[in-house]
Every structure is written in C-alpha cells, then in structure tokens.
Amino acid sequence: MTSDEMIAKRASSFGRRAADYAEHRPDYPAAAVRWALEPVLAAAPRVLDLAAGTGKLTAVIASLGVEVVAVEPDDAMRAELSARMPEVQALAGTAEDIPLPDGSVDAVLAGQAMHWFDHTRSMPELGRVLRPGGVLAGVWNDDDVSVDWVRNLDRLHTATKIETDNVPNKKGIDLPVELGPFGPLARAEFKHSQRRTAESLVATAETHSLFLTMDEPLRTETLDRMLAFLKSRPETAEGEFDYPLRVEVLRTIRS
C-alpha cells in the first residue's frame, strides 16, 4: 500500500466506529477554543467547525454562545453529531470543497483534523469562505508525555511496526499559510485531562486511526499490552483517574 493510500484509509476510518468515537474521545478545554477565536470573539462571530466528526469541538464552540455550523464528510459521524446537537446545522462537505458561500464565516476551526487535509486545495478554499480578518485555527488533543506513565504507555503503540511512513500525525503539525491568504501562525498550548478507567482509555485508543486500520492479530495484541500496562500501574490499576492531555492550537488570520 502506498503512503497516499494509507493516508486515505486512515482518514476515512472513523465512521465505522462513530458511536464509540462520540463516547470515548475527549472534548476540548473552553480556554483553548476561546484563545483560537479571540481575534473575532467580541463581534459575535459565525464559526465553521470543519471536519466536525461527532461534534466534540462543535459543542465547545456552541457553549461560548456563538453561532456554529458544522461540515463533516462522513455520514455516520455527521449523524452522531446531529443526534447529539440537533440545533446545529450539519452539512456534508470536505476541507477541499466547503458547501458555504464566499466570505460567509468569521472563523474556521478544526479539531483533530487538519493533518488529514490536502493543503494545496484546502488552504485557498478556507480563504474563500472566511471573511477578511477572520480566524483559521487547528486544535489538537495529545497525550501529555511529560508524565512518566503516559510516556511509557505511548511507547507501547508508537513502537509498533506497521505501515505508518509518511502518514500525517497530529504531533509536530504545521499549517502552510503561504498556500492561502493568511498571515503568520500563532501557537498556544493548554493543559487538559479526561476522566478514564483502564478499560475506557483502551477503548479511546481503539477509536484512533492507527488501531482502526491495524491488522489482526497485531491490533488485539497491542491493545492487550496497553491494558496490562495500565493494570500494572498504581495510578491507573483500579477505578477512575484523570488522563493527562496537552492541547495545541495553531491560529492564523485571513488577510
């Protein structure tokens, strides 16, 4: 399988586990979303949540009291979003073909998604739907590997030898602002956490594209190793615990 084929396979893998994604994936801290929207927040902005999935980011945007419209290509993911937030307009579309008029939104946010976009096509399209002075921001939850046991858990699956060469990863992501009408990037990082058990944390991992596209028996063996590790640690062996996350936000302004 070529790297482009693997990218396409992983990017389109989430829909078959849409309900699990909605149940187990973490939300985003309001402070991170507020920072992303800061340049336009005072003006009661209309915000596009692009590649909105099941609405994890959509819900946080809406909680800030601003208008939000969601665009999501996968039918199953979009159905989960609509079932949970029927008041939000949810449209079929992609970052490369956004079903909105020119200059119709004040901000475009994407949670856990921009690393899958075809930037050559998506950056001009994002510039098209944004009003001048509007915000484009990507938001990513990631494991806080500054914590020893989180770092060791992370090593259990990142060390797995599978077809991952040249597959985009949220870690170290950048945005090629020069491909659209955008200014320089600003970055911010926020602490976050998710209340988990050992079993539900492994269930969260199962919703990642790495595991959704991993062949058996490697998938089950890796997940079993992760659960065994969590059960061996005093922090995570029994009951609920806070799983440490760090949230990275990249923001740019449409010129």
Side-chain angles (χ1 to χ4, degrees), residues 8 11-12 14-15 18 21-22 27-28 30 32-140 168 173 175-183 185-186 249-255:
S12 62
F14 303 103
Y21 192 106
D27 61 4
Y28 299 89
V33 179
R34 196 175 288 111
W35 183 86
L37 293 173
E38 185 179 38
V40 297
L41 198 53
R46 185 179 191 228
V47 180
L48 166 61
D49 183 4
L50 185 58
T54 62
K56 291 291 183 177
L57 180 58
T58 315
V60 183
I61 297 169
S63 75
L64 300 180
V66 301
E67 180 186 357
V68 58
V69 57
V71 169
E72 165 56 40
D74 187 276
D75 292 343
M77 300 285 273
R78 196 171 60 255
E80 283 287 333
L81 189 156
S82 293
R84 292 166 185 269
M85 286 173 286
E87 72 281 5
V88 172
Q89 183 184 25
L91 305 173
T94 67
E96 298 77 27
D97 188 10
I98 300 170
L100 292 177
D102 295 0
S104 57
V105 294
D106 302 289
V108 178
L109 269 59
Q112 228 71 20
M114 279 190 176
H115 51 292
W116 298 119
F117 296 174
D118 177 347
H119 292 307
T120 302
R121 296 168 56 207
S122 65
M123 295 302 282
E125 180 71 348
L126 291 162
R128 180 186 69 78
V129 300
L130 271 169
R131 296 177 181 129
V135 167
L136 170 64
V139 188
W140 288 268
I173 196 69
L175 294 180
V177 292
E178 69 277 2
L179 296 177
F182 298 105
L185 280 174
V249 187
L250 301 186
R251 184 182 73 191
T252 182
I253 306 297
R254 191 205 187 285
S255 56

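Along the sequence shown, residues carry numbers from 1.
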K.L.:
Nearest 0.5 angstrom please: Leu81 CG to Tyr21 OH, how far?
P.N.:
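The distance works out to 11.0 Å.
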K.L.:
Would you find a donor on one side and an acceptor on the other, under 3.5 Å apart, between the side chain of Arg251 and the backbone of Trp35?
P.N.:
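A pair under 3.5 Å: yes.
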K.L.:
At their closest point, which heavy atom of Val40 faces which heavy atom of Ala107, and how far apart are they?
P.N.:
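Result for this residue pair: CG2-CB, 4.2 Å.
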K.L.:
Under 3.5 Å, is there a donor-acceptor pair between the side chain of Arg131 and the main chain of Ser104?
P.N.:
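Answer holds: yes.
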K.L.:
Look only at the side chain of Ser255 and the backbone of Gly183, and say whether a donor-acceptor pair between them is shorter than 3.5 Å.
P.N.:
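Checking the backbone N and O of Gly183 against the side chain of Ser255, no donor-acceptor pair under 3.5 Å is found.
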K.L.:
Report yes if some heavy atom in the side chain of Leu50 is under 4.5 Å from a heavy atom in the side chain of Phe117; otherwise report no.
P.N.:
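Leu50 reaches Phe117 side chain to side chain.
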K.L.:
Between Thr252 and Leu185 (side chain of the first, backbone of the second, donor and acceptor by atom type, cut-off under 3.5 Å), is there such a pair?
P.N.:
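No, because the side chain of Thr252 does not come within donor-acceptor range (under 3.5 Å) of the backbone of Leu185.
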K.L.:
Find the distance between NE2 (His119) and CD (Glu178) and round it off to the nearest 0.5 Å.
P.N.:
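His119 NE2 to Glu178 CD: 10.0 Å, rounded to 0.5 Å.
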K.L.:
Let me confirm one number: the OG1-CG distance from Thr58 to Leu109, rounded to the nearest 0.5 Å.
P.N.:
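Those atoms lie 10.0 Å apart.
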K.L.:
Say you draw a straight line from CD of Glu96 to CG of Asp118; how long is it, rounded to the nearest 0.5 Å?
P.N.:
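Those atoms lie 5.5 Å apart.
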K.L.:
Do you know the tightest heavy-atom contact between Leu136 and Leu130?
P.N.:
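Looks like CB-CD1, 4.0 Å.
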K.L.:
Should Val135 and Ile253 count as side-chain neighbours, where that means a heavy-atom distance under 4.5 Å?
P.N.:
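Heavy-atom side-chain distance check passes, below 4.5 Å.
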K.L.:
Nearest heavy-atom pair of Ala137 and Val249: which atoms, and what distance?
P.N.:
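Heavy atoms of Ala137 and Val249 come nearest at CB-CG1, 4.5 Å.
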K.L.:
To the nearest 0.5 angstrom, please state how far the NZ atom of Lys56 sits from the CZ atom of Arg84.
P.N.:
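Between atom NZ of Lys56 and atom CZ of Arg84 there are 6.5 Å.
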K.L.:
What's the shortest heavy-atom distance between Leu57 and Ala110, and which atoms?
P.N.:
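In terms of heavy atoms, the two residues are closest at CD2-C, 3.8 Å.
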K.L.:
Quick one: does Asp106's side chain have a donor or acceptor within less than 3.5 Å of a partner on Arg46's backbone?
P.N.:
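Yes, the answer is positive, given that a donor and an acceptor are paired below the 3.5 Å cut-off.
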K.L.:
Work out which heavy atom in Val33 is nearest to a heavy atom in Ile61; give both atom names and the distance.
P.N.:
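That closest heavy-atom pairing would be CG1-CG1, 3.9 Å.
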K.L.:
Quick one: does Arg254's side chain have a donor or acceptor within less than 3.5 Å of a partner on Gly127's backbone?
P.N.:
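At least one qualifying donor-acceptor pair exists.
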K.L.:
Starting at CG of Leu48, measure out to CD of Gln89 and round the result to the nearest 0.5 Å.
P.N.:
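The CD atom of Gln89 is 10.0 Å from CG of Leu48, to the nearest 0.5 Å.
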K.L.:
Keeping the roles fixed (side chain from Glu72, backbone from Met77), state whether a donor-acceptor pair exists under 3.5 Å.
P.N.:
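No.
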K.L.:
Inspect the contact between Arg121 and Glu125 and indicate whether a charged nitrogen and a carboxylate oxygen are less than 4.0 angstrom apart.
P.N.:
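Salt bridge absent between Glu125 and Arg121.
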K.L.:
Which pair of heavy atoms, one from Ala113 and one from Ala51, lies closest together, and at what distance?
P.N.:
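That would be CB-CB, 3.6 Å.
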K.L.:
For the backbone of Ile98 and the side chain of Arg128, can you confirm whether one donor and one acceptor N or O come within less than 3.5 Å of each other?
P.N.:
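Pair found, side chain donor or acceptor close to backbone of Ile98.
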